[in-house]
Every structure is written in structure tokens, then in C-alpha cells.
Amino acid sequence: MDLNLMQRAYELAKNGEGFTSPNPCVGALIEKGGIVVAEGWHKVAGGHHAEVNAINELMKKSFVTSVDIDKTLFQNATLYVTLEPCCFHGKTPACTDLLLKAGFKKVFIGIKDPNKKVNGKGIKILKKYGVEVEVLGDKILSEKLRELNQPFMKFVKTGMPYVTLKAGVSLDGKIATAKGESKWITSEISRIDAKKNRSKCDAVIVGGGTVKKDNPELSTTPKYKNKKLLRVIIDQNLSVSLDSKVFRDENVFVACSDLASKKRKEEFKKNGIKFKSFGEKEISIKKLLQYLGFLGILSVFVEGGSFTFGKFHDAFLKEKNLLDKIIFYMAPKIIGGNNSLPVVGGDGIGKLKNVMSLKNFISEKSGDDIKVSGVLNFY
């Protein structure tokens, strides 16, 4: 296996980031005689898989107009693909069938597919019919492939979405002054970067307090303008104004508790706003995430505020798979004050031995700020 070619397949896979859910991001290329003759990636859920797009590109380049596979094109050709080819019929046919039909003699795979419907079965089928199969052994590149598809990896293992918590904070860990002023602590470059990260997810979560105070749109970047990003509001009493920008279309959902009054429920129903209770007096983060997983949401981006961050932090302390990644944009500013708003509210910890510790910690410049990130779980 040529690691440079698998690295190229990885770069192709990244083109689908934010578009393929509930499917993984996958890249593929075809090599003949040391030359890459075709490339492809999975572009959108329900669309052709990466292998199919690479095969179609080679046929197109060779001016093959027939829908049938021309086996002569694939003689002595090797397929590089970042994820094990699927071997079952879903919205699209099994890729293993197509690879066998094309006559590939060598298939190099980045990582195995953890989906129970595949998970080694695709490899066995190819080997059964005489295809030489090799799975990437390079640990560094393998981890990059897994990192790209963490939402998919977690979802197929747990049925719950991958959770990223993002905040823009001052150097002393504040997200607002004592008078509630928060615009803007971080730089425009940081806010643009945060929006890009939000846009790649299936859902964004904020608290009702953030909606009342900031009236955010929670929109995507132009690249993802056609994506139906689900806006989730945590609002125990259904107290947010129905005129808020988050209710501009049907891609919104409100998580409440049984404390919400009958009157407010009727108002929300009348306006066609979906809501559901996840607890008698307090919203259960675990139940909310389980429900989002049931809806097919693979990734969520938690954006505040302090109360909501605290809910997720406290939930993580009880069950580790309820929060997976942290991104903080830290501005070189001091807000101070006992009454200014800390980034993470809630109960917190009593003993340092219970502290949340990040792995794969990264710090980098983001405009005038420092972007710090790390993971809590790796699937």
C-alpha cells in the first residue's frame, strides 16, 4: 500500500464533511501503473458512494457511455478507499458487488467499517472471490481517518450523537459581564471559525436564556446554505418568545420539562413548533441525546450559555459518553467580577480527582485569540 495514495484518499474524504450524515465521509481513488487515473468521494447521503464515483469518473474519462462496467478499464487497477466497502443493499447497492463486477484484483482499505452490517464482512466477500485486500497499518493515518468520522463511529456503537461543546471566553473564563454584555468577547475570525464547525454538524444546541438575550439565528456558512441544520433549544418552561429568529422555519425543536404550562404547550402547538419533555423538573441531557440519536442526528454542537454548558458538564461527570469534544476560543481579555458569568455553570466538581481532562489537546492562533480544543472520547 502506498501511504501517499491513502493520504490522498483521506483528503478526498474530507470534501464530504458536513454533507454525508448519517453516512460516513469516504474517499476513493483508482491507481494504474503508478498513476492515479480517477478519484471520488461520498458527496451526500443517498448519493453514490466514493468507490462508485471513482469508477464512474474513470469510465467518463475513457468515454464509456454504457451503464455496464467495461472490465478492460480496471485490468491491473488498484482501488484505494478510506473505509471498508459496504456489502449490503441500502439506499444504494452494495459496493462489494460493483468492485467484483469491475474486476479489481487489489483493494487497499483505510479502516474497517464498525457498522454491524459490514464490520469485516465486506473484506471477507472480496477475499472470497480472489481479491487481494490490505487494511492500512499506519497508526497515525488510521487515527486521522477515524477522527474524521467520529460522529459515525460513535453513532453506530452507541446510537447517540457525537457532542462538541464550543464557547468564546475571556482569559479568566467569563462569557458575559455582570450586566450581561457579551458581544463580542472573541474576534471575528474566531466567530467565523466557530460557525464553520457548527455548519458541519447535524444539530446545534443552545439554552433558552441565550435565545432570549442574543436572539441568535444559528445559521450555517454559505457552503452549507442548503443544509437543514436542526436548531435545538433547551427551555424547561417553554418560555422563549415565539418571535425569536430560531423559529424562522421548521428546522427547530425545543426540549422542555413537565414544568411547561398547558397554555404554553398549546401556543407552541398552534405555531407548529415541535417540543418534547425530557424530565419532570429538569431536562435529562442523556434522554435528549438519545432522542436526537433516534431522529438520526449524528453530531451536535453545543453553543451555550453557562446554564446549558453546566448541564452537559454535570451530565458528563455521571456518564462519560454524553460529551465528546471541547472547543474554546480564548480572548486575551480580563472581565473579572464575582457576578460576571462563568463559562460553565451547574454543580461542577467537589474534588480535583474528578476533573474533566482533555486528550489530544491542541492550541492555535485564531485572530487575536487562542483556540484550544481537545477530545474526551475517541471511538
Side-chain angles (χ1 to χ4, degrees), residues 163-187 190-191 194-195 197-198 201 203-218 231-241 244-246 254-257 259 278-279 281-286 288-289 300-319 322-350 352 354-358 366 369-374 376:
V163 183
T164 299
L165 189 153
K166 162 264 164 182
V169 304
S170 65
L171 199 59
D172 55 338
K174 307 293 186 178
I175 60 172
T177 67
K179 293 184 178 181
E181 188 179 349
S182 60
K183 291 184 178 180
W184 295 104
I185 293 174
T186 55
S187 67
S190 293
R191 299 196 298 275
K195 193 172 184 178
N197 281 287
R198 174 206 299 163
C201 294
V204 56
I205 298 179
V206 297
T210 297
V211 174
K212 293 174 186 176
K213 179 177 167 297
D214 297 334
N215 195 20
E217 291 187 357
L218 302 179
R231 303 179 297 278
V232 181
I233 315 303
I234 292 181
D235 182 18
Q236 292 190 162
N237 301 308
L238 296 180
S239 59
V240 293
S241 169
S244 302
K245 293 177 182 177
V246 292
V254 183
C256 65
S257 71
L259 295 177
F278 295 95
K281 296 182 179 180
E282 292 188 357
I283 294 168
S284 166
I285 295 299
K286 180 178 181 179
L288 171 59
L289 293 176
V300 299
F301 202 65
V302 184
E303 291 205 55
S306 178
F307 172 81
T308 300
F309 290 154
K311 291 281 290 183
F312 275 88
H313 177 253
D314 292 345
F316 169 83
L317 295 176
K318 295 177 182 177
E319 197 163 334
L322 300 182
L323 184 55
D324 302 300
K325 185 175 181 178
I326 303 293
I327 302 175
F328 276 14
Y329 299 89
M330 300 189 69
K333 302 172 182 177
I334 302 292
I335 292 178
N338 291 329
N339 296 321
S340 54
L341 199 60
V343 60
V344 180
D347 297 328
I349 61 168
L352 282 176
N354 299 323
V355 73
M356 173 192 287
S357 297
L358 302 180
S366 176
D369 312 320
I370 297 294
K371 177 184 177 182
V372 295
S373 61
L376 300 162

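Rounded to the nearest 0.5 Å, atoms CZ (Arg231) and CD (Glu217) are 9.5 Å apart. Note that the OG1 atom of Thr308 and the CD1 atom of Ile205 stand 8.5 Å from one another [nearest 0.5 Å]. For the atom pair Ile285 CD1 and Phe278 CZ, the distance stands at 10.0 Å (nearest 0.5 Å). Asn197 CG to Tyr329 OH: the interatomic distance, rounded to the nearest 0.5 Å, is 4.5 Å. Summarising the geometry, atom CG belonging to Leu288 is positioned 6.0 Å from atom CZ belonging to Phe312; distances are rounded to the nearest 0.5 Å. The structure places OG1 of Thr210 at 10.5 Å from CZ of Phe307, a figure rounded to the nearest 0.5 Å.
The minimum heavy-atom distance between Ser244 and Val211, with the atom names listed, is OG-CG1, 3.5 Å. Between Val343 and Phe309 the shortest heavy-atom distance is O-CD1, 2.9 Å. Closest approach of Ile175 to Ser182, counting heavy atoms only: O-CB, 3.2 Å. Minimum heavy-atom separation, Asp214 to Lys183: O-NZ, 3.7 Å. Between Leu322 and Leu289, the closest heavy-atom pair is O-CD1, 3.6 Å. In plain terms, the two heavy atoms of Ser187 and Ser366 that are nearest each other are OG-O, 3.4 Å.
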**Prompt:** Please walk me through it: do Phe328 and Ile370 pass side-chain contact (heavy atoms from CB on, under 4.5 Å)?
**Reply:** CA-CA 8 Å; Phe328 276 14; Ile370 297 294; over 6 Å; no

**Pair Val300-Val232, side-chain contact (heavy atoms from CB on, under 4.5 Å): steps then yes or no** = CA-CA 9 Å; Val300 299; Val232 181; over 6 Å; no

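Other residues, nucleotides and ligands contribute at most 12 non-hydrogen atoms within 6.0 Å of the CD atom of Glu181. Counting heavy atoms of neighbouring residues, nucleotides and ligands inside a 6.0 Å radius, atom NZ of Lys286 does not exceed 12 of them.
Residues Pro332 and Leu171 are not in side-chain contact: their nearest non-hydrogen atoms beyond the backbone lie 4.5 Å or more apart. Using a 4.5 Å heavy-atom cutoff, the side chains of His313 and Ile349 are in contact. With a 4.5 Å cut-off on side-chain heavy atoms, Leu376 and Leu358 count as touching. The side-chain heavy atoms of Val240 and Val246, taken from C-beta on, include no pair separated by under 4.5 Å. Proximity of Ile233 to Val206: side-chain heavy atoms (C-beta onward) are separated by under 4.5 Å at one or more points.
Under the 3.5 Å distance criterion, with hydrogens and angles disregarded, no donor-acceptor pair is assigned to the side chains of Thr186 and Asp369. Judged purely by distance below 3.5 Å, without hydrogens or angles, the side chains of Ser239 and Asp235 pair a donor atom with an acceptor atom.
With Ser284 contributing its side chain and Gly279 its backbone, the two residues share no donor-acceptor pair below 3.5 Å. A donor-acceptor contact shorter than 3.5 Å is absent between the side chain of Asn339 and the backbone of Ala178. At least one donor-acceptor pair closer than 3.5 Å links the side chain of Lys311 to the backbone N or O of Ile283. A donor-acceptor contact shorter than 3.5 Å is absent between the side chain of Asp324 and the backbone of Thr164.
A side chain to side chain donor-acceptor pair (under 3.5 Å) check over residues 165-179, counting only residues at least two apart or in different chains, returns the pairs Lys166-Glu303, Ser170-Asp172, Lys174-Ser340.
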